[in-house]
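First comes the structure, then the notes that go with it.
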Amino acid sequence: MANQVKLIDIEPNDLINRLKIGKIYARNHIRQALANFFKSENLTTLRELALRKMTLRLATNSKVGTDRLLVCLSGSKSNERVIRSAAQMAQAFNSDFIAVYVKNNQFNKWEENLNNNISLAHQLGAKVIKLQGENPSSANYRVCQRKQRNQNCTWG
């Protein structure tokens, strides 16, 4: 079994051009190849499948894979997109999904959005951690430092 796999990614039109000048098949087979399999749509689909397969292989065979993925929750409307992306990455890499947020005593005009983002994180399988502190960035940074090194920290 091979220890290493390399994926050579080439644009479908570049591959068709290589075929036309005889770098893939003998000249007497070029016309038939262009009429059958070597169509841009087929090559694009095959390219996407190859990239997905390689990504899955890397995710399942990686020795330095991500053990945990941490996302920092906020009341920002854009945080929903960050949470969903983090959940997808955690699933793809078979990682623990952790979401943290800072609750302080100050009135937060985005508290309703924060509560919605906390609920979303729960729904998507995150372990949600509530932190105390006045400075969300500092508190979130301390959590990232305390966790093991195989971890991604994503703010949003």
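Note: hydrogens, waters and symmetry copies are ignored here, and every other heavy atom, side chains too, is used.
Q91 is linked by a side-chain hydrogen bond (donor to acceptor under 3.5 Å, both in side chains) to nothing, counting only residues two or more places apart in sequence or in another chain.
Across every non-hydrogen atom of A90 and F97, the tightest pair is CB-CB, 3.8 Å. Closest of all the heavy-atom pairs between N113 and G75 is CB-O, 2.9 Å.
Using a 4.5 Å heavy-atom threshold, the side chains of I118 and L114 count as touching. Counting heavy atoms from C-beta on, the side chains of M89 and S95 never come closer than 4.5 Å. Contact annotation: the side chain of N28 never approaches that of I30 to less than 4.5 Å [non-hydrogen atoms, C-beta and beyond]. Counting heavy atoms from C-beta on, the side chains of Y101 and V128 come closer than 4.5 Å. Proximity of I98 to L69: side-chain heavy atoms (C-beta onward) are nowhere separated by under 4.5 Å. Taking the side chain as every heavy atom from C-beta outward, L73 and I83 approach each other to under 4.5 Å. Using a 4.5 Å heavy-atom cutoff, the side chains of L15 and I24 are in contact.
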Distance-only check: which donor-acceptor pairs under 3.5 Å involve side-chain atoms of residues 33-40, not counting sequence neighbours?
unit_1	atom_1	unit_2	atom_2	d
N36	ND2	Q32	O	2.9
K39	NZ	A35	O	3.4

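Note on residues 79-92: pairs passing salt bridge (Lys or Arg N to Asp or Glu O under 4.0 Å), not counting sequence neighbours, are E80-R84. Among residue pairs with one or both ends in residues 26-35, none qualify as salt bridge (Lys or Arg N to Asp or Glu O under 4.0 Å); sequence neighbours excluded.
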Please assess R47 against E11 for the test side-chain contact (heavy atoms from CB on, under 4.5 Å), listing each intermediate value before the final yes or no.
CA-CA 8 Å; R47 180 183 189 208; E11 292 284 336; 3.4 Å; yes
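Of the inter-residue distances, the one linking L43 atom CG with L19 atom CG reads 9.0 Å to the nearest 0.5 angstrom.
A side-chain N or O of S76 and one of S78 form a donor-acceptor pair less than 3.5 Å apart.
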